[in-house]
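As the structure is a prediction and not an experimental result, all values here were calculated from the model. Proteins come first, then strands; the chains are lettered A, B, ... in the order of their sequence lines, and each starts at number 1.
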Number of protein chains: 2
Amino acid sequence: MNDLNKSTPSTKLYLEIVEKLREMIDTDGLVSGDKIPSERELSERLNVGRSSIREALRALELLGLIETRRGEGTFIRDYQDHNLIKLLGTFFLQDPKVKQDLAETKEYLETNCIRIVISSSPEQDLEQFLNWATGQEFSDDEFFTKLVGLNSNFLMERIWTIVNSYARAANQEFLALDYSSYIRLIHLMIERNINQAISHYLKNIRKK
Amino acid sequence: MNDLNKSTPSTKLYLEIVEKLREMIDTDGLVSGDKIPSERELSERLNVGRSSIREALRALELLGLIETRRGEGTFIRDYQDHNLIKLLGTFFLQDPKVKQDLAETKEYLETNCIRIVISSSPEQDLEQFLNWATGQEFSDDEFFTKLVGLNSNFLMERIWTIVNSYARAANQEFLALDYSSYIRLIHLMIERNINQAISHYLKNIRKK
DNA sequence: TTTTTATAAGTGGTCTGACCACATTAGGCT
DNA sequence: AGCCTAATGTGGTCAGACCACTTATAAAAA
């Protein structure tokens with residue numbers, strides 16, 4: 001019988017295992033790329049069946065917290081979306097209202113981001129951004145990935161990334177890129193001109 | 001041997017099962033509350049082991065798409081729930097940088113929300129909001145839940161809810177509520193005065 | 001007949017042991 | 001040394017077994 005969670009389970013066993021794994025990762029100081037014990041070893045150490053271990057690992061895998069490689073093992077990995085996106089996508093991305101909300105939200109996040117960058121990014125970063133944009137071709141995605149990266153808020157970055165990948169999955173329309181508009185946006189940001197930057201973004205980049 | 005995914009699997013079996021389940025739900029027109037076939041029956045129908053079925057169900061359960069009740073069965077459920085939140089929470093809420101990002105992001109979302117409400121919510125809704133706030137006591141949470149609800153973007157609402165629940169879990173500080181500040185914010189919104197509303201929010205409600 | 005109570009059947013939860021497919025390693029051969 | 005082959009370790013999957021719990025069924029009691 002399993003050690004955690006005797007008799008009538010208050011929470012599902014696999015969720016407790018997830019918690020135990022978290023502690024294990026924490027106390028052992030495991031970081032991205034490290035290997036975690038094999039399923040069989042975990043099964044022994046926690047005194048639970050291997051199938052329960054696997055259910056917990058599936059949950060973590062789904063969240064993108066671990067990666068399993070057959071024949072090799074299971075590895076910690078940087079938190080990223082992944083399967084979750086795909087799953088939710090195949091399930092509920094057909095709702096048109098959801099699509100509209102996605103586009104809207106993406107836009108809000110991006111204007112918000114422009115505001116923040118304007119009011120707090122150092123000149124130097126913006127110049128570097130400008131150099132990058134001037135020197136090469138890029139996609140809308142790449143541009144805003146860079147931009148979102150400029151405000152050093154990891155959470156915000158993640159939210160945008162997720163919303164963006166949803167939005168991309170829901171809407172396959174490609175905008176013809178007008179590089180000069182993007183460059184102009186950067187210039188407006190360097191001039192710290194919030195209002196013009198935002199209206200430029202809305203009019204010339206999102207074509208509203 | 002399983003029917004889906006013979007020999008060298010291109011994608012994991014449990015993910016294929018998820019897809020099959022989605023189709024099944026789709027074609028059978030199952031909706032929230034309906035019962036899906038038992039694990040054993042699914043196992044037979046799809047010609048895969050019951051453990052694989054379970055791994056797929058765990059994934060869906062984690063996403064809040066289904067609910068399992070021991071002794072009864074597995075049921076479809078509205079997709080707005082949060083094992084996911086809890087899990088992610090326990091996983092990376094210990095990082096102090098994350099905490100700061102949370103507070104910041106919450107603030108961004110809220111100012112953003114104020115902007116949107118000001119520029120698109122009908123007078124009537126705002127008056128109603130004012131009445132609600134005038135008539136009773138409320139928490140900061142409740143106030144902003146209402147406010148976020150005013151811009152009719154479900155996704156945005158969800159994001160705020162999630163960020164907010166994280167933020168609350170990470171930061172237990174309670175602000176002493178000054179109701180007049182909240183009332184004043186609503187008035188400023190009714191006057192459609194974006195700049196003042198936002199600076200009032202930052203200065204008097206978030207005490208910056 | 002109606003109500004209560006035992007029994008059976010169905011279902012999710014878990015464990016065990018068995019293969020398979022694949023990757024890495026260790027030995028042994030040339 | 002270099003190559004090939006076994007052995008080992010790992011995740012992926014399956015089958016069957018119990019357990020705990022719920023619901024439906026049938027038998028017994030009123």
Side-chain angles (χ1 to χ4, degrees), chain A residues 1-21 24-25 30 33-77 82-83, chain B residues 1-21 24 30 33-77 83:
Chain A
M1 196 38 50
N2 71 70
D3 270 2
L4 341 162
N5 208 346
K6 357 234 168 208
S7 68
T8 296
S10 46
T11 68
K12 312 232 167 172
L13 180 53
Y14 84 98
L15 289 177
E16 303 207 8
I17 294 176
V18 164
E19 176 56 21
K20 276 274 180 289
L21 284 174
M24 193 175 296
I25 291 173
L30 300 184
D34 289 351
K35 191 166 176 301
I36 69 178
S38 75
E39 296 179 351
R40 288 166 179 86
E41 187 181 337
L42 287 173
S43 173
E44 276 193 16
R45 271 172 48 179
L46 300 181
N47 274 302
V48 298
R50 197 182 148 210
S51 52
S52 297
I53 294 287
R54 282 184 60 79
E55 291 189 14
L57 291 180
R58 283 298 77 67
L60 294 181
E61 185 182 56
L62 189 78
L63 295 177
L65 295 172
I66 60 171
E67 179 182 3
T68 56
R69 295 201 284 270
R70 173 196 239 148
E72 299 181 60
T74 303
F75 304 83
I76 310 247
R77 149 170 143 177
H82 236 72
N83 286 335
Chain B
M1 197 37 53
N2 72 71
D3 270 3
L4 342 163
N5 206 347
K6 358 234 167 205
S7 67
T8 295
S10 46
T11 69
K12 311 230 170 179
L13 181 53
Y14 85 97
L15 290 176
E16 303 206 10
I17 294 176
V18 164
E19 176 56 22
K20 276 273 179 291
L21 284 173
M24 194 175 296
L30 300 184
D34 289 350
K35 191 167 176 302
I36 69 179
S38 75
E39 297 179 351
R40 288 167 178 85
E41 187 182 337
L42 287 174
S43 173
E44 275 193 17
R45 276 178 35 184
L46 300 182
N47 273 304
V48 298
R50 196 181 149 211
S51 53
S52 297
I53 294 286
R54 282 185 61 79
E55 292 189 12
L57 291 180
R58 284 298 76 68
L60 294 181
E61 184 182 55
L62 190 77
L63 295 177
L65 296 174
I66 62 171
E67 179 183 2
T68 56
R69 295 201 283 271
R70 174 200 231 137
E72 298 182 60
T74 303
F75 303 84
I76 309 240
R77 151 168 143 178
N83 267 338

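Nearest-nucleotide mapping onto DNA chain D: of Thr68(A) and Gly71(A), the residue sitting toward the 5' end is Gly71(A).
Candidate nucleotides dG11(D), dT11(C), dG13(C) were compared by shortest atom distance to the side chain of Glu39(B), and dG13(C) ranks first. Distances were taken from every side-chain heavy atom of Arg50(B) (C-beta onward) to each of dA18(C), dC14(D), dG13(C); the shortest belongs to dG13(C). Side-chain atoms of Ser52(B) lie closest to dC14(D) of the nucleotides dT23(D), dC14(D), dG12(D). Distance from the side chain of Glu72(B) is smallest for dT23(D) among the nucleotides dT24(C), dT23(D), dC21(D). Taking every side-chain heavy atom of Ser51(A) into account, dT16(C) is the closest of dT11(C), dT16(C), dG12(D). Candidate nucleotides dC21(D), dC14(D), dC15(C) were compared by shortest atom distance to the side chain of Arg70(B), and dC21(D) ranks first.
The separation between Glu55(B) atom CD and dG13(C) atom C1' is 14 Å, rounded to whole Å. Put simply, CZ on Phe75(B) is 11 Å from C1' on dG12(C), counting in whole angstrom units. The nearest whole Å value for the distance from the CD1 atom in Ile53(A) to the C1' atom in dT16(C) is 14 Å. A straight line from CD of Glu41(B) to C1' of dG10(C) spans 12 Å, rounded to a whole angstrom. Between the CD1 atom of Ile66(B) and the C1' atom of dT11(C) there is a distance of 14 Å, given to the nearest Å. Between the NZ atom of Lys35(B) and the C1' atom of dT11(C) there is a distance of 7 Å, rounded to whole Å. The distance between atom CG of Leu46(B) and atom C1' of dC14(D), rounded to the nearest whole Å, is 14 Å. Remark: C1' of dA20(D) and CG of Leu13(A) are 14 Å apart, rounded to the nearest angstrom.
From Ile17(B), atom CD1 reaches atom CG of Leu57(B) across 8.5 Å, with rounding to the nearest 0.5 Å.
Nearest heavy atoms, Leu30(A) versus Lys35(A): CD1-O, 4.3 Å. Taking all atoms of both residues into account, the shortest heavy-atom contact from Ser43(B) to Gly49(B) is OG-C, 3.7 Å. The minimum heavy-atom distance between Pro37(A) and Leu42(A), with the atom names listed, is O-CD1, 3.7 Å.
dA6(D) takes the syn form, because its glycosidic angle lies no more than 90° either side of 0.
Contact between the side-chain N/O atoms of Arg54(B) and the OP1/OP2 oxygens of dG13(C) is found at a separation under 4.0 Å. Using a 4.0 Å cut-off, no side-chain N or O of Ser43(B) falls inside it from OP1 or OP2 of dC14(D).
With a cut-off of 3.5 Å on both pairing distances, dA6(D) has no Watson-Crick or G-U wobble partner at all.
Within 4.0 Å (heavy atoms only), Thr74(B) reaches sugar-phosphate atoms of the nucleic acid but no base atom. Within 4.0 Å (heavy atoms only), Arg69(B) reaches sugar-phosphate atoms of the nucleic acid but no base atom.
One N or O donor and one acceptor, one from the side chain of Arg40(B) and one from the base of dG12(C), sit under 3.5 Å apart.
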Item to complete: Just do the side chain to side chain contact (heavy atoms under 4.5 Å, CB included) check on Lys20(B) and Arg45(B) with the steps written out, would you?
Response: CA-CA 11 Å; Lys20(B) 276 273 179 291; Arg45(B) 276 178 35 184; over 6 Å; no
Worksheet entry | Residue pair Arg58(B), Glu61(B): steps toward the salt bridge (charged side-chain N to carboxylate O under 4.0 Å, His left out) verdict | CA-CA 5 Å; Arg58(B) 284 298 76 68; Glu61(B) 184 182 55; 3.0 Å; yes
